[in-house]
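Take this structure first; my questions come after.
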Number of protein chains: 2
Amino acid sequence: MLKLNCKYADYRIIGEEHGLKLDEEFNNYSEKIAEIIRNLNQRKDKPNEWLQWMNLGYNEETAWYVKEFASLVEGRFENVLILGIGGSALGALALTEALLKPYWNFLTPEQRNNFPRIFFLDNIDPDSINGLLDVLDLKKTLVNVITKSGDTAETMSQFMVIKDLMEKALGADYRKNIIATTDKKMGILRQLADQEGYKIFYVPDDIGGRFSVFSSVGLVPFALVGLNIDKMINGIKDIDLALKNTDIHQNIAAQFALIHYLMDTKKGKNITVLMPYSSRLKYIPDWYVQLIAESLGKAVNKNGENVNAGLTPVKALGASDQHTKLQLFNEGPNDKVITFIRVGEFDTNLEIPRIFEYTGIGYLGGKTINDLMNAEADSTMVSLSDNQRPVLTLSIDKIDEYNMAQLIYMLEVQTAIAGELYNINTFDQPGVEQVKNYMYALMGRAGFDGSAEYLHEKLNAEITM
Amino acid sequence: MLKLNCKYADYRIIGEEHGLKLDEEFNNYSEKIAEIIRNLNQRKDKPNEWLQWMNLGYNEETAWYVKEFASLVEGRFENVLILGIGGSALGALALTEALLKPYWNFLTPEQRNNFPRIFFLDNIDPDSINGLLDVLDLKKTLVNVITKSGDTAETMSQFMVIKDLMEKALGADYRKNIIATTDKKMGILRQLADQEGYKIFYVPDDIGGRFSVFSSVGLVPFALVGLNIDKMINGIKDIDLALKNTDIHQNIAAQFALIHYLMDTKKGKNITVLMPYSSRLKYIPDWYVQLIAESLGKAVNKNGENVNAGLTPVKALGASDQHTKLQLFNEGPNDKVITFIRVGEFDTNLEIPRIFEYTGIGYLGGKTINDLMNAEADSTMVSLSDNQRPVLTLSIDKIDEYNMAQLIYMLEVQTAIAGELYNINTFDQPGVEQVKNYMYALMGRAGFDGSAEYLHEKLNAEITM
């Protein structure tokens, strides 16, 4: 089971100026936290509360439906290509990188047990899209286009380019190489997929993109590349019980959320760094960055007051980033809470041979790369605490479906709790609507030309220096 | 030539609360900036000033030597494997990703004109190292081990693992598959490489890792995969002249540095976001993050006063991160300066076909992916400025060796200028020394056991919550 060590955020370890009195604070906030947890669990089944992601651990029906499709197409495709952006891609990207064998897309079909390679197009760079099309044989590629609304311009423009090429390459059969993941009732993609006859998976109601990884948005890609989605669901189920505990002393999501909230509001630390000590977890922080940035970065609170709340999430990776960011973490402004993710057991035990014994690197021989990774993490934690920088540690036993799902789900739950502490709407994203309207105006979408003149003026403003 | 647009950081566009009076500030700081630029250029040839990177545009001799070696081994290797961490890897990683054809390592030898694939091992994850060894045929791999000091534990432990495997696979011939990039005179790697008979490239004196990309640290990898290092050097030479201009009105490095300095010290914005609108430039922010974090994150200034200076650099990518971070950038704390990198012309012009014409995505048909990328960047810039968030834009004509070298070199020069404005030592990294000592203690390196007891105590401290 996932564990949290928060003693390196406590005043008894890192001092009173930067450490929290966690013993007192947990008691002070115990009722508030209990109320938040009760409230979230009461609201979660109601419409328009956007808490349906809290039910995804009990989603056997979707899992069954997804597995059925995956077994139907097993062995038929060399590649899976995901078209999606933001929440439609990041969860699946982060978890396939963590759970598949490293360098998956470079392995032979035998090394992959004949499961397909998986590629993500989550940007609209013309050179990169073209480059990927040089690499993929579209005849052997299953394209999964993912957008809940169905009109995400980046995803749908990629889809238009690729659908056209597939039709040219495959004739009428191209339809068997396309699946759509979208809203059950609404939107252009829903309508097109019906007309065209693509297999469709549904994004359930009241689940935002950044909380969608255990819906069909993530489950379909996972099943297609051979990951065990039942184990994920079991992992969520087990930790969900623990995270329903209203006692903050027993609830690591509540502890994680409260510590970040207090470090921000009482100690001025509004940057949250997520730093796994594992290359396989390198994209987990990218997923976390979206989760935190979009959920907590809000101009107004629930009372309509202007607050400009938000933690700025920063991606890091141990041990590499000891050579890039640690200087800043140790000596720069003390404005960060740094969370390590530690892995109990790696899949591999990699021994360093006893060579160059009588040189300055001889001490490494006979140890393992694993020893070194652990020594690096321990050293960095102690060094940060010497400098009174708060560190939290999340520990998982090993990198597998069960444990990774727990990690991800806990981070979602803590985000919901943090949103309640900040008294903001965790689940909307009003700050990106205007950008879409501007983009439609610049691209000439009918009905959106109202701002064209304003945009033109602003883009061409001249000032003298 | 590289351009900077800073009008979206000016009070006349984003208002007085968050915008700078750039007209006044450029005048106020014109003498200070002129003095800094003169001073840097006077000091740059002196030993122990760590400014030798300012001479790398005039480094024809090394370029010649590197090209000679590259042509000698051309066609001999299927893979180049870089062993290096931090500054020994990030520059080459960022620039090969930008300059090679996208998805380079997936292309056929013909598509790569028979130049090798390139892999970077910049972490010590046992699963990932093992995974890469499943992918690479060591007999067809040229290993470049890069560490100036020669005793970087992460790099040298990787090297020990791989050297041992190569010797087993290749017999005595393995030496032809290894090159070392290290200090000219000192260190264990220098000594081993001599004894073993590896080809050696030198990291020049007085160049730190984060400023080393245009030394042999980067030039060797670039030449091996067929990039034109002469064009890079020409790019640097041309912009170096412009950046020697002591008039701030003409010097974009000075403008970039001063704006960040003033936004931090006068407006409380101490987060710097680098956000290229190009997937090929996606690792440029990773390189920038190290440059800024290690150079400016300093506990004490040159007068020995405790300042805890530093900007926290944040990586972003347009247009993808409009769907992950933009909500925070627009509505969260107004504590960031966001720098876009815009590309004038992509290599590819990718048209969106006129399909689905009478649906809500019909407006995309007949446009290009390029149009969409530009519309996204313009929309985001205007939206950020509506929310009084400062945006700088760096523009390059296209992604090639000449222009990318200018971008990288300008960012280095502005960092040196910023360090002088903050009055700190830009080129040291005292905050990571203790971590190394702790790590040596935990790994049992002779002579470093002094802190073992302290570490043990700290790691096992128990407190009650």
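Please read these numbers as outputs of a predicted model, since none were measured by experiment.
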Self-check item: Spacing of CG belonging to B:Asp127 relative to CG belonging to A:Leu281, to within rounding of 0.5 Å
Solution: 9.5 Å
Quiz prompt | Derivation of the side chain to side chain contact (heavy atoms under 4.5 Å, CB included) call for A:Asp428 and B:Gln327 | solution = CA-CA 10 Å; A:Asp428 64 355; B:Gln327 169 66 33; 5.6 Å; no
Practice problem: Would you sort out whether B:Ile361 and A:Leu192 count as a side chain to side chain contact (heavy atoms under 4.5 Å, CB included), showing the intermediate values? | Solution: CA-CA 11 Å; B:Ile361 54 171; A:Leu192 286 177; 4.0 Å; yes
Quiz prompt | Selection from A:Pro430, A:Ala446, A:Gly444 maximising heavy-atom pairs under 4.5 Å formed with chain B | solution = A:Pro430
Exercise. Working to the nearest 0.5 Å, report the span between CE of A:Met373 and CD1 of B:Ile129.
Key: 8.5 Å
Quiz item: Checking A:Phe329 against chain B: side chain, backbone, both or neither under 4.5 Å from a heavy atom?
Solution: neither
Quiz item: Quick one: are B:Thr324 and A:Arg210 in side-chain contact, heavy atoms under 4.5 Å?
Solution: no
Practice problem: Against chain A, label B:Val382 side chain, backbone, both or neither, depending on which of its atoms sit under 4.5 Å from a heavy atom there. | Solution: both
Practice problem: Could you look at A:Glu167 and say if it's the side chain, the backbone, both or neither that has a heavy atom under 4.5 Å from chain B? | Solution: neither
Practice problem: Just give me the residue among B:Tyr440, B:Trp104, B:Trp287 that pairs up with chain A most often, heavy atom to heavy atom, under 4.5 Å. | Solution: B:Tyr440
Quiz item: Checking heavy atoms, do the side chain of A:Leu121, its backbone, both or neither come under 4.5 Å from chain B?
Solution: side chain
Quiz prompt | Side chain, backbone, both or neither of B:Leu291 within contact of chain A (heavy atoms, under 4.5 Å) | solution = neither
Self-check item: Between A:Leu350, A:Asp335, A:Asp23, A:Asp286, the one whose heavy-atom pairs under 4.5 Å with chain B are most numerous
Solution: A:Leu350
Quiz item: Angle class for the A:Phe356/B:Phe159 ring planes (parallel below 30°, perpendicular above 60°, tilted otherwise)?
Solution: parallel
Practice problem: Please report the closest heavy-atom contact between A:Ala153 and B:Tyr363, naming both atoms and the distance. | Solution: CB-OH, 3.6 Å
Quiz item: Between B:Gly318, B:Gly131, B:Ala293, which shows the greatest number of heavy-atom pairs under 4.5 Å with chain A?
Solution: B:Ala293
Quiz item: Is it the backbone or the side chain of B:Leu90 that comes under 4.5 Å from a heavy atom of chain A, or both, or neither?
Solution: side chain
Quiz item: In Å and rounded to the nearest 0.5 Å, what is the CG to CD distance from B:Asn330 to A:Gln429?
Solution: 12.5 Å
Practice problem: Would you mind telling me which of B:Ile271, B:Leu364, B:Ile124 has the largest number of heavy-atom pairs within less than 4.5 Å of chain A? | Solution: B:Ile124
Exercise. Measure the spacing between CD1 of A:Ile463 and SG of B:Cys6 and express it to the nearest 0.5 Å.
Key: 7.5 Å
Quiz item: Looking at B:Ser385, B:Gly297, B:Ser379, B:Pro102, which has the largest count of heavy-atom pairs under 4.5 Å with chain A?
Solution: B:Ser379
Practice problem: Without swapping roles, check the side chain of A:Lys7 against the backbone of B:Ala461 for a donor-acceptor pair under 3.5 Å. | Solution: yes
Quiz prompt | B:Glu351, part contacting chain A, at a heavy-atom distance under 4.5 Å | solution = backbone
Exercise. For each of A:Asp347, A:Leu22, A:Leu317, tally heavy-atom pairs with chain B at distances under 4.5 Å, and name the one with the top tally.
Key: A:Asp347
Quiz prompt | A:Val161 portion near chain B, given a 4.5 angstrom heavy-atom threshold | solution = both
Quiz item: If you count heavy-atom pairs under 4.5 Å between each of A:Arg280, A:Gln195, A:Gln158, A:Met156 and chain B, which one has the most?
Solution: A:Arg280
Quiz item: Can you say whether B:Thr464 sits under 4.5 Å from chain A via the side chain, the backbone, both, or neither, judging by heavy atoms?
Solution: both
Quiz prompt | Structural part of B:Ile352 lying under 4.5 Å from a heavy atom of chain A | solution = both
Quiz item: Just checking, is any N or O donor in the side chain of B:Tyr103 or A:Asn105 under 3.5 Å from an acceptor N or O on the other one?
Solution: no
Quiz item: Out of curiosity, A:Asn308 CG to B:Glu331 CD, how far, rounded to the nearest 0.5 Å?
Solution: 8.0 Å
Quiz item: Will you find, in the side chains of B:Lys336 and A:Thr312, an N or O donor that is under 3.5 Å from an N or O acceptor?
Solution: yes
Quiz item: For the residue pair B:Phe106 and A:Phe106, does the interplanar ring angle fall in the parallel (under 30°), tilted (30 to 60°) or perpendicular (over 60°) class?
Solution: parallel
Quiz item: Side chain, backbone, both or neither: which part of A:Glu433 has an atom under 4.5 Å from a heavy atom of chain B?
Solution: neither
Practice problem: With rounding to the nearest 0.5 Å, note down the distance linking CD1 in B:Ile369 to CG in A:Asn130. | Solution: 10.0 Å
Exercise. Could you tell me which portion of B:Phe26 (side chain, backbone, both or neither) has an atom closer than 4.5 angstrom to a non-hydrogen atom of chain A?
Key: side chain
Quiz item: Side chain, backbone, both or neither: which part of B:Leu100 has a non-hydrogen atom closer than 4.5 Å to chain A?
Solution: neither
Practice problem: Check whether B:Ala319 gets within reach of chain A through its side chain, its backbone, both or neither, counting any heavy atom under 4.5 Å. | Solution: both
Quiz item: Does a side-chain heavy-atom distance below 4.5 Å link A:Met381 with B:Leu459?
Solution: yes
Quiz item: Under a 4.5 Å cut-off applied to non-hydrogen side-chain atoms, are B:Leu372 and A:Met443 in contact?
Solution: yes
Quiz item: Would you say the side chain of A:Arg354 lies within less than 4.5 Å of the side chain of B:Met160, judging by non-hydrogen atoms?
Solution: no
Quiz item: Side chain, backbone, both or neither: which part of B:Lys282 has an atom under 4.5 Å from a heavy atom of chain A?
Solution: neither
Practice problem: Return yes if some donor-acceptor pair links the side-chain N/O of B:Asp125 with the main-chain N/O of A:Ser278 below 3.5 Å, else return no. | Solution: no
Quiz item: With respect to chain B, which residue among A:Leu107, A:Asn387, A:Leu132 yields the maximal number of heavy-atom pairs within a distance under 4.5 Å?
Solution: A:Leu132
Self-check item: Selection from B:Gly360, B:Pro333, B:Ala377 maximising heavy-atom pairs under 4.5 Å formed with chain A
Solution: B:Pro333
Quiz prompt | Residue pair B:Val314 / A:Val314, side-chain heavy-atom distance below 4.5 Å | solution = yes
Quiz item: Measuring heavy-atom distances to chain B, does A:Ile292 have an atom under 4.5 Å in its side chain, in its backbone, in both, or in neither?
Solution: neither
Quiz item: Using non-hydrogen atoms only, which part of B:Tyr454 is less than 4.5 Å away from chain A: side chain, backbone, both, or neither?
Solution: side chain
Exercise. Using a cut-off of under 4.5 Å on heavy-atom pairs, state which of B:Gly310, B:Gly332, B:Ser451 scores highest against chain A.
Key: B:Gly332
Quiz item: Does the side chain of A:His323 reach to within under 4.5 Å of the side chain of B:Glu154, using non-hydrogen atoms?
Solution: yes
Quiz item: Counting only N and O atoms by type, is there a donor-acceptor contact under 3.5 Å from the side chain of A:Ser320 to the main-chain atoms of B:Asp122?
Solution: yes
Exercise. Name the member of A:Lys325, A:Lys367, A:Glu376 that forms the most heavy-atom pairs with chain B at distances under 4.5 Å.
Key: A:Glu376
Practice problem: Dump the intermediate steps for side chain to side chain contact (heavy atoms under 4.5 Å, CB included) on A:Asp386 and B:Lys458, then the final yes or no. | Solution: CA-CA 10 Å; A:Asp386 289 348; B:Lys458 196 110 184 206; 3.3 Å; yes
Quiz item: Would you say the side chain of A:Pro126 lies within less than 4.5 Å of the side chain of B:Thr368, judging by non-hydrogen atoms?
Solution: no
